[in-house]
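Taking it in order: structure first as structure tokens, then the write-up.
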Amino acid sequence: MIATRDIQEMERPLTTVDVVIFTVLDGQLQVLLVRRPDGPEEPFPNAWALPGGFVDVRRDDSLESCARRKLLAKTGVSSPYLEQLGSWGGRARDPRGWSATHAYFALLPADCVQLKQEEGKFAQWHPVNELPPGQPLAFDHAGILQAALERLRSKVEYTSLPAFLLPEPFTLPQLQKVYEIVLGRPVDKSGFRTRALAAGFLDEQGLLDVGSPRPAMGYRLKDRAAAVYFPRPFSPRSS
């Protein structure tokens with residue numbers, strides 16, 4: 001058994017929270033990155049990184065509350081879909097010392113985000129398939145981003161997650177398009193409509209003028225705090 005005195009004398013690792021924030025913008029899945037400060041004592045100066053920072057034990061009751069604080073600081077949004085992704089740690093990931101980070105991912109409609117710039121840090125959306133060439137992400141953030149992409153794309157196959165990327169109200173064709181953007185492949189239209197409506201996660205909001213000869217029904221999520229799971233994944237569009 002470790003004595004309290006021994007615990008107090010142990011060197012403690014740096015503890016951070018990073019948030020992978022996704023949106024759909026200009027017909028592409030995009031991720032929010034921040035430019036790190038430029039300075040002789042800064043790790044990875046001027047490199048792009050995921051938004052995040054150190055846990056503040058005076059303000060953060062939990063890792064999730066820290067993630068939500070960081071999310072609010074960067075986007076102005078306080079309660080989006082947020083899911084814990086995993087933890088990364090090691091002696092070599094941060095030149096300032098042994099560190100561990102706890103990563104989350106969030107899904108936001110682009111039109112609700114007001115990017116906030118801190119001194120020396122600039123936030124910008126980047127298409128996930130077109131990250132800045134020749135500019136590796138700081139720390140181990142490239143691996144964290146890849147893990148978030150794999151988690152999102154695997155869950156999109158059988159959940160309502162893409163709906164969290166849309167402003168409300170939205171139409172079923174708009175929802176299907178977002179599924180296709182995230183998955184990177186077409187989805188069968190008739191099967192999508194049938195299963196999306198049968199899943200019971202949408203509320204009708206009346207007809208919307210979408211610029212076509214006939215208006216389309218608009219929908220909202222019944223619950224923006226949790227995803228709905230489907231019994232099987234969506235089928236690809238038949239050729």
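The closest side-chain heavy-atom distance from Leu82 to Glu64 is below 4.5 Å. In this structure, the side chains of Pro109 and Glu168 stay at 4.5 Å or more apart for every pair of heavy atoms. With a 4.5 Å cut-off on side-chain heavy atoms, Phe230 and Ser160 count as touching. Residues Leu221 and Phe201 have side chains in contact (heavy-atom distance under 4.5 Å, counting atoms from C-beta outward). Counting heavy atoms from C-beta outward, Tyr219 and Glu204 have side chains that approach closer than 4.5 Å.
Remark: Lys155 NZ is packed, more than 12 non-hydrogen atoms of other residues, nucleotides or ligands lying under 6.0 Å away. More than 12 non-hydrogen atoms from other residues, nucleotides or ligands lie less than 6.0 angstrom from CZ of Arg96.
Using a distance-only test at 3.5 Å, with no hydrogens or angles considered, a donor-acceptor pair links the side chain of Thr23 to the main chain of Leu108. Although no hydrogens or angles enter the test, the distance criterion places a donor-acceptor pair under 3.5 Å between the side chain of Glu180 and the main chain of Val187. Judged purely by atom type and a 3.5 angstrom limit, Thr15 has no side-chain atom pairing as donor or acceptor with the backbone of Val55. No donor-acceptor pair under 3.5 Å is formed between the side chain of Thr194 and the backbone N or O of Gly191. Of the possible polar contacts, none joining the His141 side chain to the Ala49 backbone as a donor-acceptor pair under 3.5 Å is found.
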| request: Show your working on side chain to side chain contact (heavy atoms under 4.5 Å, CB included) between Met217 and Leu172 and close with a plain yes or no. | output: CA-CA 8 Å; Met217 179 60 66; Leu172 287 179; over 6 Å; no
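One distance of note links NZ of Lys70 with CD1 of Ile21; it measures 11.5 Å at 0.5 Å rounding. Rounding to the nearest 0.5 Å places CG of Asn46 at 4.5 Å from CZ of Arg35.
Aromatic ring orientation, His126 versus Trp48: perpendicular (interplanar angle above 60°, classes split at 30° and 60°). Between Phe192 and Tyr179, the ring planes lie perpendicular to each other; the angle is over 60°, past the 30° to 60° tilted range.
Of all non-hydrogen atoms in Asp56 and Arg69, the two that sit nearest each other are CB-NH2, 3.6 Å.
Of the candidates Val20, Leu152, Val182, Val31, Val31 is the only one forming a side-chain contact (heavy atoms from CB on, under 4.5 Å) with Val128.
Residue Leu166 is grouped with residue Val228 when hydrophobic side chains (ILVMFWY) are merged at heavy-atom distances under 4.5 angstrom, including chains of intermediate members.
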